[in-house]
Amino acid sequence: RPAPIWPGVVLVTVFTGFVTPVNGAPQWTVEPEVSVGATYNDNPLLVEDGTEDSIFGGTLGLAADLKWRTELSEVRLRPRANIGRFPDDEEQDYEDLKFDFSAAHRTQRSTWRLDANFSDQQVLRGEIENAEFDDTGVDDAQTGTGRIENRQDRTLLYIIPSFRYALSQ
């Protein structure tokens, strides 16, 4: 499932145009990251009746830290992907995509800043189940413990602009 990329494109386009006045030669840095791992979970769905299935699988993490900096401005982009695969239980597979953006521009008395985060994740979701015991005159709408049902998509977007102005130097 491809993640929508438009929030990142809009943020980069708008704010990069805002902070790109050339104040000396810009400095570019790129720092890629790769991580590979294995994971084991003895009860991924948090069931209580002893019928839980354990899972074992591999994980892959990819990220890059892209920075652009001048004397007065800086822009940072950090795309990340975390992927998990479980051969014995493909319902537990996941792909989490994240995109962090940070930009700032300083003048003699002010600082403009924009921080943003976009994430498209597949998270475990719990359901409240009714307690399974006879009540003694208590309302029939009882609540029990939360049990994990399945993975759900969750998309989050945070945009945090800020402006700081010094009244005196």
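Side chains included, hydrogens not; waters and symmetry mates left out as well; all remaining heavy atoms used.
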Checklist entry - If two hydrophobic side chains count as joined below 4.5 Å and joins carry through other members, does F163 share a cluster with I160? => result no
Next on the checklist: Quick one, D100 with R76, criterion salt bridge (Lys or Arg N to Asp or Glu O under 4.0 Å). Give me CA distance, side-chain angles, the key distance, then yes/no.
Outcome noted: CA-CA 8 Å; D100 297 325; R76 178 180 182 227; 6.0 Å; no
Item to check | Side-chain heavy atoms of D120 within contact of L156, under 4.5 Å | outcome: no
Next on the checklist: Assess whether a salt bridge exists between E71 and R106, defined as any Lys/Arg side-chain N lying under 4.0 Å from an Asp/Glu carboxylate O.
Outcome noted: no
Item to check | From OG (S54) to CG (D88), nearest 0.5 Å | outcome: 8.0 Å
Checklist entry - Do S162 and W112 have side-chain heavy atoms sitting under 4.5 Å apart? => result no
Checklist entry - Side chains of L72 and H105: does their closest heavy-atom pair fall under 4.5 Å? => result yes
Checklist entry - Quick one: do F56 and Y94 end up in the same hydrophobic cluster if we chain Ile, Leu, Val, Met, Phe, Trp and Tyr together by side-chain heavy atoms under 4.5 Å apart? => result no
Next on the checklist: Side chains of L157 and T155, heavy atoms from C-beta outward: is any pair under 4.5 Å?
Outcome noted: no
Checklist entry - Do K98 and Q121 come within less than 4.5 Å of each other through their side chains, counting heavy atoms only? => result yes
Checklist outcome for this item: Heavy-atom closest pair (G57 atom, P87 atom, distance to 0.1 Å) is CA-CD, 4.3 Å
Next on the checklist: Has R164 got a side-chain atom pairing as donor or acceptor with S110's backbone, closer than 3.5 angstrom?
Outcome noted: no
Next on the checklist: Using a strict threshold of under 4.0 Å (side-chain N to carboxylate O), is an ion pair present between R80 and D96?
Outcome noted: no
Next on the checklist: Looking at every heavy atom in both V75 and A103, which two are closest together, and how far apart are they?
Outcome noted: CG2-CB, 4.0 Å
Item to check | From N117 atom CG to S102 atom OG, the distance as rounded to the nearest 0.5 Å | outcome: 11.0 Å
Checklist entry - What distance separates S119 OG from R154 CZ, expressed to the nearest 0.5 Å? => result 6.0 Å
Checklist entry - Where do A81 and L97 come nearest, in terms of heavy atoms and distance? => result CB-CD2, 3.7 Å
Next on the checklist: Do F101 and W28 sit in one hydrophobic cluster, given that two such residues count as connected whenever their side-chain heavy atoms are within less than 4.5 Å of each other, even indirectly?
Outcome noted: yes
Item to check | Option among E95, Q92, E90 that satisfies the side-chain hydrogen bond (donor to acceptor under 3.5 Å, both in side chains) test with R85 | outcome: E95
Checklist entry - Looking at side-chain heavy atoms only, is the closest gap between I55 and Y40 below 4.5 Å? => result no
Next on the checklist: I'd like to check L114 versus I159 (side-chain heavy atoms, cut-off strictly below 4.5 Å). Are they in contact?
Outcome noted: yes
Checklist entry - Between R78 and E31, is there a salt bridge with N-O shorter than 4.0 Å? => result no
